[in-house]
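What follows is a set of notes on a single structure, which appears directly below.
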Amino acid sequence: MRIEAERLTYIYGPGLPWEKRALDDLSLRIEEGEFVGLVGETGSGKSTLVQLLNGILRPTSGRVLLDGVDLTDRRKPVWKARLQVGLVFQFPESQLFAETVAEDIAFGPRNLGLDRQEVSKRVEESLLKVGLEPALFRQRSPFTLSGGEKRLVAIAGILAMCPRVLIVDEVTAGLDPRGKRDILTRIKLLHRNERTTVIMVSHDMDEIASLVERVVVLKGGRICRQGQTTEVFSDEESLAGCGIRLPTIPQILSSLGRAGWRLPVSIFDVQEAARLIAQECHRGAV
Amino acid sequence: MALSDVVTLGQYIPGNSLLHRLDPRTKFLAAITLTILLFFVTKITGYFFFLVILLSVVAASGISLRFLLRGLRPILFLILFTFVVQAFFSQEGNVILQWGFLAIRDAGLWKAFFMSIRLTLLVLVTTLLTLVTSPIDLTDGLDRLFSFLHVLRVPVHEIAMMMTIALRFIPTLLDETDTIVKAQISRGAPLDRGNIFRRLRGFVAVLIPLFVSAFRRADELAQAMEARCYRGGEGRTRMRAMVLHWTDLWAALAALALGLATLSINWLAVP
């Protein structure tokens with residue numbers, strides 16, 4: 001499913017002492033099956049943008065099109081179209097409410113008006129998609145799970161709606177390294193196996209660099225830079241202008257470069273970087 | 001629009017005007033005096049004089065009038081209701097409009113008008129008080145002001161602390177509600193469509209997470225307070241000591257003088 005944002009502007013509290021223009025005439029196009037990373041400093045408008053993309057906020061001006069359907073149209077009931085964009089909020093585990101994991105995941109599909117069989121099928125499927133064994137988790141209370149498991153259940157609750165676009169906002173924040181790895185692996189698989197379009201918002205450049213194909217950098221409610229991941233993360237200066245630092249490995253490679261080593265910058269894999277450094281070392285020695 | 005933009009209850013706008021700097025006790029007593037006074041004003045001249053005083057105080061505080069008037073929005077219905085009830089059900093005076101068994105009388109209309117003005121001014125005075133006094137200052141002030149009740153074994157400090165905490169968490173919980181509502185709507189919860197019963201049922205999915213997080217917050221706060229050896233008001237000193245300045249005395253005298261002036265004008269005026 002293709003998402004287009006056309007000249008989006010969003011203003012918080014218009015006319016109040018704390019009026020804030022969160023997005024400023026922003027246009028963006030994301031094609032079916034893409035994996036896009038959305039980065040930017042705090043307050044650059046990332047969270048506002050993703051809430052506009054799934055229609056939960058209405059823009060002050062501009063349009064959001066899902067395969068050509070206008071989400072901001074007030075005349076047509078667009079709530080079903082909207083639900084094709086699944087948005088996983090920051091700390092999504094705070095939305096869990098039902099007595100059992102299965103009940104909670106079933107909330108979305110039931111709201112879609114699906115019959116009982118379809119609902120229970122979707123509950124099983126989405127538990128499997130996030131890597132939780134249905135037999136072990138189905139009947140447990142969501143409040144007895146660990147932090148990482150809660151978050152996976154919350155994500156399963158979104159996946160059960162079968163969204164064609166999945167947006168995740170700071171999905172690994174506050175998790176331990178293992179929980180982070182689990183979630184990122186699951187998202188990568190979803191993108192690869194189901195061709196789901198994924199938009200990932202994150203502060204962690206390493207996370208972004210290791211997963212996404214295209215990066216969009218926001219600053220002050222506008223797009224500051226966008227392009228292929230390798231391309232964006234090879235230009236340290238223009239990134240710094242957008243208030244973003246390079247991922248860890250490119251940072252090291254770039255420092256080595258300044259010290260006279262001849263190395264490419266946009267390498268995100270530890271093994272690959274090590275191999276190149278060793279090669280350069282060897283060349284220097286000879 | 002975020003919920004916290006709509007609800008202005010207990011909202012405080014930081015500033016550095018004379019009004020902001022006054023001791024919370026002075027402001028509280030002045031506001032109480034003025035509201036009590038309002039019940040003794042009976043003539044239009046009196047109300048007019050009161051309004052002029054109020055507007056000059058607002059001007060001195062640097063709060064925009066538009067913002068102050070926003071505080072009226074939640075009780076607009078109450079004011080209208082009072083007006084309608086007074087206008088239609090008063091039995092005094094001459095009938096000026098008859099419609100079936102409903103009649104509007106001239107004295108009733110005047111009374112309705114006065115009641116609405118009184119209510120509006122009451123709300124404006126209290127809104128102004130909360131706009132120029134931070135909730136913490138206000139409850140601290142109340143704590144000190146009523147500490148004499150301690151003799152009667154009223155847990156004044158504890159009550160003030162509870163008020164402080166409650167006020168402190170209003171914006172936090174509003175933001176949280178906002179997020180949860182959005183999250184559940186994103187899962188297709190019928191909160192923004194369908195009939196009222198469908199919507200209400202959808203709110204279970206909002207209330208439960210909200211309660212869970214409120215309890216968690218309460219627990220964390222209690223731990224944080226215990227970790228800092230909080231044990232109630234007994235022998236507790238303050239970081240920001242409240243000291244009455246000369247300006248407080250002048251402000252109190254000014255409030256008193258203006259109050260008396262309003263009353264005398266009200267007595268002397270003809271209509």
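Every chain is numbered from 1 and lettered A, B, ... according to where its sequence line falls, protein lines coming before strand lines.
For CE of Met115(B), the number of neighbouring non-hydrogen atoms (other residues, nucleotides, ligands) closer than 6.0 Å is 12 at most. Around CZ of Phe113(B), the count of heavy atoms belonging to other residues, nucleotides or ligands within 6.0 Å does not exceed 12. Under a cut-off of 6.0 angstrom, the local environment of OH in Tyr230(B) is crowded, with over 12 non-hydrogen atoms contributed by other residues, nucleotides or ligands. Within 6.0 Å of CE in Met225(B) there are more than 12 heavy atoms belonging to other residues, nucleotides or ligands. The local environment of CZ in Phe48(B) is sparse, with at most 12 non-hydrogen atoms from other residues, nucleotides or ligands closer than 6.0 Å. The number of heavy-atom neighbours closer than 6.0 Å to CZ of Arg7(A), taken from other residues, nucleotides and ligands shown, is 12 or below. For Glu99(A), the CD atom is loosely surrounded, since the number of other residues' heavy atoms within 6.0 Å does not exceed 12. Annotation: Lys188(A), atom NZ; neighbour count of heavy atoms from other residues, nucleotides and ligands within 6.0 Å does not exceed 12.
Counting heavy atoms from C-beta on, the side chains of Lys182(B) and Leu87(A) never come closer than 4.5 Å.
Looking at Arg216(B), there are no atoms closer than 4.5 Å to chain A (heavy atoms on both sides), in backbone or side chain. Contact of Phe143(A) with chain B is made through the side chain alone, with heavy-atom distances under 4.5 Å. Looking at Ser213(B), neither its backbone nor its side chain comes within 4.5 Å of chain A, counting heavy atoms on both sides.
Here salt bridge (charged side-chain N to carboxylate O under 4.0 Å, His left out) pairs that include residues 124-142 of chain B, with residues two or more places apart or in two chains, are Asp137(B)-Arg240(B), Asp140(B)-Arg238(B).
Shortest non-hydrogen contact noted between Pro209(B) and Ser94(A) is CB-O, 3.1 Å. The minimum heavy-atom distance between Ile185(B) and Leu83(A), with the atom names listed, is O-CD2, 3.8 Å.
Remark: the backbone N or O of Gln95(A) is paired with a side-chain donor or acceptor of Gln184(B) at under 3.5 angstrom.
Residues of residues 146-174 of chain A that come closer than 4.5 Å to chain B, counting heavy atoms only, are Gly157(A), Ile158(A), Met161(A), ordered by residue number. Inspection of non-hydrogen atoms places Asp104(A), Ile105(A), Phe107(A), Gly108(A), Asn111(A) of residues 101-125 of chain A under 4.5 Å from chain B. Using non-hydrogen atoms only and a strict 4.5 Å limit, the part of residues 36-51 of chain A facing chain B consists of Gln51(A).
The CZ atom of Phe89(A) sits 11.0 Å away from the CD1 atom of Ile180(B) when rounded to the nearest 0.5 Å.
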